[in-house]
Amino acid sequence: MRMNRGRLIVFSAPSGCGKGTMLAEILKDERFYCSISATTRKPREGEADGVNYYFLEKEDFVQRIDRNEFLEHACYCGNYYGTLVSEVESKLDAGVNVILEIEVQGAMKIKELRPDALFVFIAPPSVGELRRRLNKRGTETQEVIDKRVAQAAEELKYMEKYDYIIVNDALEDAVNDFFTVIRAESLKTSAQAEFIEEVIKNA
Ligand code: 5GP
């Protein structure tokens with residue numbers, strides 16, 4: 001039997017929405033792979049090259065843009081971020097669902113390039129809660145936190161362009177909601193062309 005191609009899943013959330021913890025849970029399921037992006041941002045404490053990101057110098061990043069190595073790239077809070085083509089296609093061919101954990105500008109580019117992708121937005125219960133979470137994290141300066149809160153307010157405006165919105169209030173519920181979305185997508189008529197053909201052929 002021919003192997004089904006994996007699904008490309010765009011997963012966006014303003015920082016402070018608990019996207020990282022949600023992803024860690026989702027990735028325990030081996031049907032999913034999270035593409036490792038390239039960035040010009042400096043590593044945070046505990047982050048490793050080739051694990052969290054490929055950390056690149058700006059010059060290297062720009063050269064890779066010129067060589068068309070990125071499916072999409074964007075500038076976010078003064079740094080470049082990009083999805084490497086090499087991280088995506090071979091996994092999809094192998095039947096693995098590839099998650100792109102990217103911000104909204106990149107997501108909108110993917111929407112043009114790959115309208116068949118699944119677009120999931122992770123939202124905070126409220127902007128007040130988002131601010132509280134960002135302040136609590138304590139890994140960034142107040143200036144960076146303020147910049148990220150302002151950025152988050154901008155990103156929330158794109159929410160309606162996504163296929164699904166999951167509010168991350170309680171982690172377990174949010175992760176369950178994600179798997180419910182995946183299940184529902186797999187039951188769509190459009191996802192069952194082979195099954196339909198088979199049943200009709202044998203009817
Ligand atoms: P952080 O610096 O907190 O790791 O990431 C900042 C933002 O960049 C997050 O919203 C994250 O989703 C986004 N991001 C990470 N990788 C990529 C990428 O490859 N492309 C785009 N467009 N955004 C990315």
Side-chain angles (χ1 to χ4, degrees), residues 8-24 26-27 32-58 60-65 67-89 91-92 98-114 117-124 127 130-131 133-159 161-162 164-166 168 174 178:
L8 187 61
I9 303 168
V10 173
F11 194 83
S12 299
S15 52
C17 287
K19 181 178 48 176
T21 26
M22 263 188 84
L23 266 180
I26 292 165
L27 293 173
F32 298 90
Y33 172 75
C34 186
S35 157
I36 302 170
S37 295
T39 184
T40 58
R41 160 166 88 57
K42 296 283 166 266
R44 295 194 188 114
E45 209 181 308
E47 286 184 332
D49 187 44
V51 178
N52 307 89
Y53 282 105
Y54 298 108
F55 294 101
L56 305 179
E57 293 303 323
K58 192 172 170 192
D60 187 3
F61 196 104
V62 172
Q63 282 170 358
R64 285 168 192 260
I65 296 175
R67 292 201 298 264
N68 289 324
E69 288 185 26
F70 294 110
L71 190 57
E72 63 73 37
H73 68 274
C75 196
Y76 179 92
C77 291
N79 290 302
Y80 281 116
Y81 293 84
T83 304
L84 293 156
V85 176
S86 58
E87 279 287 308
V88 176
E89 299 303 335
K91 293 277 177 191
L92 290 176
V98 177
I99 298 178
L100 305 184
E101 192 257 271
I102 62 178
E103 51 64 72
V104 295
Q105 300 168 61
M108 294 305 108
K109 281 185 211 155
I110 299 289
K111 202 160 194 182
E112 279 169 30
L113 289 170
R114 306 289 282 268
L118 175 64
F119 293 81
V120 181
F121 192 93
I122 311 303
V127 175
L130 182 80
R131 184 178 284 278
R133 288 183 192 171
L134 283 174
N135 276 309
K136 209 175 103 189
R137 192 152 78 176
T139 46
E140 275 113 8
T141 62
Q142 192 58 47
E143 193 194 337
V144 171
I145 292 170
D146 289 344
K147 220 168 158 184
R148 281 180 181 250
V149 172
Q151 182 73 33
E154 278 305 305
E155 289 187 51
L156 291 174
K157 293 180 190 162
Y158 286 82
M159 216 167 17
K161 305 212 183 286
Y162 286 69
Y164 294 90
I165 298 168
I166 297 175
N168 187 7
F178 176 82

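For ligands, and for the atoms within them, numbers begin at 1 and follow the listed sequence. Here the structure is a predicted model, which is why all the values come from computation and not from measurement.
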Q | Proximal candidate to atom 23 (N) of ligand 1 [heavy atom criterion; set Arg41, Arg44, Glu103, Lys19] | A | Glu103
Q: Would you confirm whether Gln142, through its side chain, and Ile145, through its main-chain N or O, come within 3.5 Å as a donor-acceptor pair?
A: no
Q: Please could you name the atoms of ligand 1 that Arg148 approaches to less than 4.0 Å, counting only its heavy atoms?
A: 2 (O), 3 (O)
**Q.** Under 4.0 Å to a heavy atom of Thr83 - the qualifying atoms of ligand 1, by number
**A.** 19 (O)
Q) Closest non-hydrogen protein atom to atom 14 (N) of ligand 1, residue and atom name please, with distance? A) Glu101 O, 3.6 Å
**Q.** Atoms of ligand 1, numbered as shown, that sit under 4.0 Å from any heavy atom of Ile102
**A.** 12 (O), 14 (N), 17 (C), 18 (C), 19 (O), 20 (N), 21 (C), 22 (N), 23 (N), 24 (C)
Q.
So, regarding Gly82 and ligand 1 (criterion: nitrogen or oxygen to nitrogen or oxygen, under 3.5 Å), is there a contact or not?
A. yes
(Q) Please determine whether any non-hydrogen atom of Lys109 lies less than 4.0 Å from an atom of ligand 1. (A) no
Q.
Tell me whether Lys109 contacts the main-chain N or O of His73 through its side chain, where contact means a donor paired with an acceptor under 3.5 Å.
A. yes
**Q.** Quiz item: cation-pi between Lys111 and Phe119, 6.0 Å / 45°
**A.** yes
Q: Looking only at protein heavy atoms, identify the closest one to atom 4 (O) of ligand 1 and say how far it is in Å.
A: Tyr53 OH, 2.5 Å
(Q) Check for me whether the distance between the ring centres of Phe32 and Phe178 falls short of 6.0 Å. (A) yes
Q.
Does ligand 1 come near enough to Glu47 that some N or O of the ligand is less than 3.5 Å from an N or O of the residue?
A. no
(Q) Tell me whether Asn52 contacts the main-chain N or O of Ala48 through its side chain, where contact means a donor paired with an acceptor under 3.5 Å. (A) yes
Q.
Return the closest protein heavy atom for atom 19 (O) of ligand 1 as residue, atom name and distance.
A. Ser37 OG, 2.7 Å
Q: Using a strict cut-off of 4.0 Å, indicate which atoms of ligand 1 neighbour a heavy atom of Ala74.
A: 22 (N)
Q | Atom indices of ligand 1 within 4.0 angstrom of Gly106 heavy atoms, with elements | A | 22 (N)
**Q.** Proximity flag Phe11 to ligand 1, non-hydrogen atoms under 4.0 Å
**A.** no
Q: Look only at the side chain of Ser37 and the backbone of Tyr53, and say whether a donor-acceptor pair between them is shorter than 3.5 Å.
A: no
Q.
With a heavy-atom distance limit of 4.0 Å, tell me whether Glu72 approaches ligand 1 through its side chain, its backbone, both, or neither.
A. side chain
Q: For Gln105 and Cys75, indicate whether the former's side chain and the latter's backbone hold a donor-acceptor pair under 3.5 Å.
A: yes
Q.
Considering both backbone and side-chain atoms of His73, is one of its nitrogen or oxygen atoms within less than 3.5 Å of a nitrogen or oxygen in ligand 1?
A. no
Q: May I ask you to decide if Gly16's main-chain N or O and Arg133's side chain share a donor-acceptor pair within less than 3.5 Å?
A: yes
Q: Examine the proximity of ligand 1 to Glu87 and report which part, side chain or backbone, both or neither, has a heavy atom under 4.0 Å away.
A: neither
Q: Let me see the working for Tyr158 and Glu103 under side-chain hydrogen bond (donor to acceptor under 3.5 Å, both in side chains), right down to the final yes or no.
A: CA-CA 10 Å; Tyr158 286 82; Glu103 51 64 72; over 6 Å; no
Q) Short question: side chain of Thr39, backbone of Phe55 - any donor-acceptor pair under 3.5 Å? A) no
